[in-house]
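All values derive from a computational prediction rather than experimental measurement. All chains are named by letter (A, B, ...) in the order of the sequence lines, taking the proteins before the strands, and each is independently numbered beginning at 1.
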Amino acid sequence: MMTENYKQSRQSTGRKRGSALVMALVFAALLLQMALAYSGMLRNSKPQTFQIEESTKLELLAQGLIDKVILKFQLYPAEFYAAWQAAQLNHPEFLADYVQNDPSLQLPEFMAASSSFNAQKISVAIASMALLTDSRWNQEALRIEAIVTYVNRFGKIVDKSVFKTLTIKRMVVR
Amino acid sequence: MAGKIGFTLTEIVMAVAILALSFLPIIGVMGSSIKGTQKDEEVIKAVHLGQSLMNTAIQFPFNELVSKKGVGPGPAWSFGGLTSFTYTTTSGNLTLELGPMNEGRFKFNSELVISDVPVQFQVPLYNPSAKASDTSPANPAKPDPSNWGWQPPISLPKTPLSGVYHRYLLTVRWADPLHGSHFYSLVSFKAKLED
């Protein structure tokens, strides 16, 4: 009887022996999972910082070039209106000459906006100018689109459009 | 019998050792994450400062100072609530030294350089009197813009126009004890536009 009880006790103790190790291993595996998830979060947070940095640069450059095309429009409005009218009559080539084909409205591979942690070439160009007319309210507006292109930190080409719309008034000079 | 139920000292020591070892990479990841967060904080602070200074600078008529060539201290203006600055203009460039500015534990120095960019555009010209006729000789009922006397684009004005378009280059500099000195530059342009 005594021998029987001793055997049972040994078997039950044998089953329990090593359970602390199993628990520790399970716990360690959970911690490893946590560490992996945490490092994944860090990997995601880094690009977000650079996105903020990039978007600030791009926005300012695009706004600067849009300012230049507004200056061109203020200096040579008649040519724009004629080219716009021609584009409405299925002759877009004159508007293309005024907007897209003007090399002064392009900043290819611009590098002055750089930093010690990110020096990328940014290209900016005026992509379109459109006249928005509301005949009911007798209002006209000019919508300008600039396209910014750059290669991001992961080697991917990114295109971004920046728009500006301003109200305009036509004046007849006699 | 009861004394045989439970964990042995060896098991406990081994379990603690395993847990301690598993904590090591986590501590490593946390250490690097703290450094990464500090660097991100620096970058974001520099970006915000640069953006705010550039937006302020574009609102001021600094581009008009560019034409006033000469070297010397500028008027005692304050720039976005900062201490007054000095300016120098040599050969059409205006340099504003801004700072030092303390943002939390970082100390930033900024420099704004405004330079004149002469402009000349490619403009397609047309003949307004030809535009008035507005039609094609083959089909008088159909407007044909190609008969408006368009000329290939020419460079206008004949000589590049100065003093109407300026480049704003803002550079924010700061030093970090861990990673050394850094800079962040922003560029924008401003035209003198009619209202």
Colleague: How long is the span from the CG atom in Leu186(B) to the CG atom in Leu61(A), to the nearest 0.5 Å?
Modeller: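 Between atom CG of Leu186(B) and atom CG of Leu61(A) there are 8.5 Å.
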Colleague: Is Tyr165(B) close to chain A through its backbone or its side chain, or both, or neither, when contacts mean heavy atoms under 4.5 Å?
Modeller: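 Contact with chain A is through the side chain of Tyr165(B) alone.
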Colleague: Quick one: what part of Leu95(A) sits under 4.5 Å from any heavy atom of chain B, side chain, backbone, both or neither?
Modeller: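 Neither part.
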Colleague: Looking only at heavy atoms, which two atoms of Asp102(A) and Gln122(B) are closest? And how far apart?
Modeller: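 Heavy-atom minimum between the residues: OD2-N, 3.2 Å.
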Colleague: Out of curiosity, does Phe183(B) fall in the hydrophobic cluster containing Trp174(B) (side-chain heavy atoms, cut-off under 4.5 Å, transitive links)?
Modeller: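 No, Trp174(B) does not connect to Phe183(B) through the hydrophobic network.
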Colleague: Grouping I, L, V, M, F, W and Y whenever their side-chain heavy atoms are under 4.5 Å apart, do Ile144(A) and Leu131(A) come out in a common cluster?
Modeller: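 The answer is yes; both residues are in one hydrophobic cluster.
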Colleague: Heavy-atom pairs under 4.5 Å with chain A: which of Gly50(B), Gly28(B), Ser155(B), Pro153(B) has the most?
Modeller: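 Answer, by heavy-atom pair count under 4.5 Å with chain A: Pro153(B).
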Colleague: Tell me the closest heavy-atom pair linking Val123(B) and Lys72(A), and the distance in Å.
Modeller: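 So the two residues come closest at CG2-CE, 4.0 Å.
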Colleague: In Å, rounded to the nearest 0.5 Å, how long is the span from CD of Glu79(A) to CG of Leu156(B)?
Modeller: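 So the gap between those two atoms works out to 7.5 Å.
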Colleague: Non-hydrogen atoms of chain B under 4.5 Å away: do they reach the side chain of Leu166(A), the backbone, both or neither?
Modeller: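 Interface part for Leu166(A): neither.
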Colleague: Linking I/L/V/M/F/W/Y whenever any side-chain heavy atoms sit under 4.5 Å apart, do Leu89(A) and Tyr126(B) land together?
Modeller: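 Leu89(A) clusters together with Tyr126(B).
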Colleague: Measure the shortest side-chain to side-chain distance between Val43(B) and Ile52(A) over non-hydrogen atoms and say whether it is less than 4.5 angstrom.
Modeller: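 Val43(B) does not reach Ile52(A) side chain to side chain.
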Colleague: Take a 6.0 Å sphere around CD1 of Ile157(A) and say whether it holds more than 12 heavy atoms from other residues, nucleotides or ligands.
Modeller: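 No.
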Colleague: Provide the closest heavy-atom pair for Ser115(A) versus Tyr184(B) in the form atom of the first, atom of the second, distance.
Modeller: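 Closest heavy-atom pair between Ser115(A) and Tyr184(B): CB-CD1, 3.7 Å.
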Colleague: Heavy-atom cut-off 4.5 Å, strictly under: side chain, backbone, both or neither for Pro124(B) against chain A?
Modeller: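 When you check distances to chain A, atoms from both the backbone and side chain of Pro124(B) fall under 4.5 Å.
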Colleague: Group every Ile, Leu, Val, Met, Phe, Trp and Tyr by side-chain heavy-atom contacts under 4.5 Å, then state whether Leu21(B) and Val13(B) land in the same group.
Modeller: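 Different hydrophobic clusters.
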Colleague: Is it the side chain or the backbone of Gln74(A) that comes within 4.5 Å of chain B heavy atoms, both, or neither?
Modeller: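 The side chain, not the backbone.
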Colleague: Hey, what do you get for OG (Ser185(B)) to CE (Met111(A)), rounding to the nearest 0.5 Å?
Modeller: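 The distance works out to 11.0 Å.
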Colleague: Which bit of Leu193(B) comes within less than 4.5 Å of chain A, counting heavy atoms only: side chain, backbone, both or neither?
Modeller: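 Backbone plus side chain of Leu193(B), per the 4.5 Å heavy-atom cut-off to chain A.
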Colleague: Considering residues, nucleotides and ligands other than Phe163(A), do more than 12 of their heavy atoms fall under 6.0 Å from its CZ?
Modeller: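 Yes - once you tally the heavy atoms of other residues, nucleotides and ligands closer than 6.0 Å, there are more than 12.
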Colleague: What do the steps show when you test Thr56(A) against His48(B) for side chain to side chain contact (heavy atoms under 4.5 Å, CB included), and what is the final call?
Modeller: CA-CA 9 Å; Thr56(A) 307; His48(B) 282 168; over 6 Å; no
Colleague: Sort out for me which of Asn55(B), Val117(B), Ile18(B) touches chain A most, counting heavy-atom pairs under 4.5 Å.
Modeller: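 Highest number of heavy-atom pairs under 4.5 Å: Ile18(B).
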Colleague: Tell me, side chain or backbone of Pro152(B) under 4.5 Å from chain A's heavy atoms, or both, or neither?
Modeller: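 Interface part for Pro152(B): neither.
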Colleague: Quick one: CE on Met14(B) to CG on Leu25(A), what's the gap to the nearest 0.5 Å?
Modeller: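 It is 8.5 Å, given to the nearest 0.5 Å.
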Colleague: Tell me whether Leu65(A) is reachable from Val158(A) by hopping between hydrophobic residues (I, L, V, M, F, W, Y) whose side-chain heavy atoms are closer than 4.5 Å.
Modeller: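 Yes: a chain of side-chain contacts under 4.5 Å links Val158(A) to Leu65(A).
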Colleague: How many angstroms lie between atom OG of Ser146(B) and atom NE2 of His91(A), to the nearest 0.5 angstrom?
Modeller: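 Going from OG on Ser146(B) over to NE2 on His91(A), the span is 4.5 Å.
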Colleague: For each of Phe110(A), Tyr76(A), Tyr98(A), Phe27(A), tally heavy-atom pairs with chain B at distances under 4.5 Å, and name the one with the top tally.
Modeller: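 Heavy-atom pair counts peak at Tyr76(A).
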Colleague: Hey, are the side chains of Ile66(A) and Phe189(B) touching, using non-hydrogen atoms and a 4.5 Å cut-off?
Modeller: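 No, their side chains stay 4.5 Å or more apart.
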Colleague: Considering only heavy atoms, which portion of Ala78(A) lies under 4.5 Å from any heavy atom of chain B: side chain, backbone, both, or neither?
Modeller: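 Answer is both: backbone and side chain atoms of Ala78(A) are under 4.5 Å from chain B.
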Colleague: Can you say whether Leu58(A) sits under 4.5 Å from chain B via the side chain, the backbone, both, or neither, judging by heavy atoms?
Modeller: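 Neither part; nothing is under 4.5 Å.
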Colleague: For Ala86(A) and Pro145(B), which heavy atoms make the closest approach, and how far apart are they?
Modeller: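 That would be CB-CB, 3.5 Å.
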Colleague: Ala62(A), Pro103(A), Ser104(A), Ala29(A): which one forms the most heavy-atom pairs within less than 4.5 Å of chain B?
Modeller: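 Option with the greatest count: Ser104(A).
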Colleague: Considering all heavy atoms of both residues, which atom of Phe121(B) and which atom of Leu71(A) are nearest to each other, and what is their separation?
Modeller: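 Reported closest heavy-atom pair: CZ-CD2, 4.3 Å.
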Colleague: Enter the distance from Asp144(B):CG to Asn90(A):CG here, rounded to the nearest 0.5 Å.
Modeller: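 The CG atom of Asp144(B) sits 10.5 Å away from the CG atom of Asn90(A).
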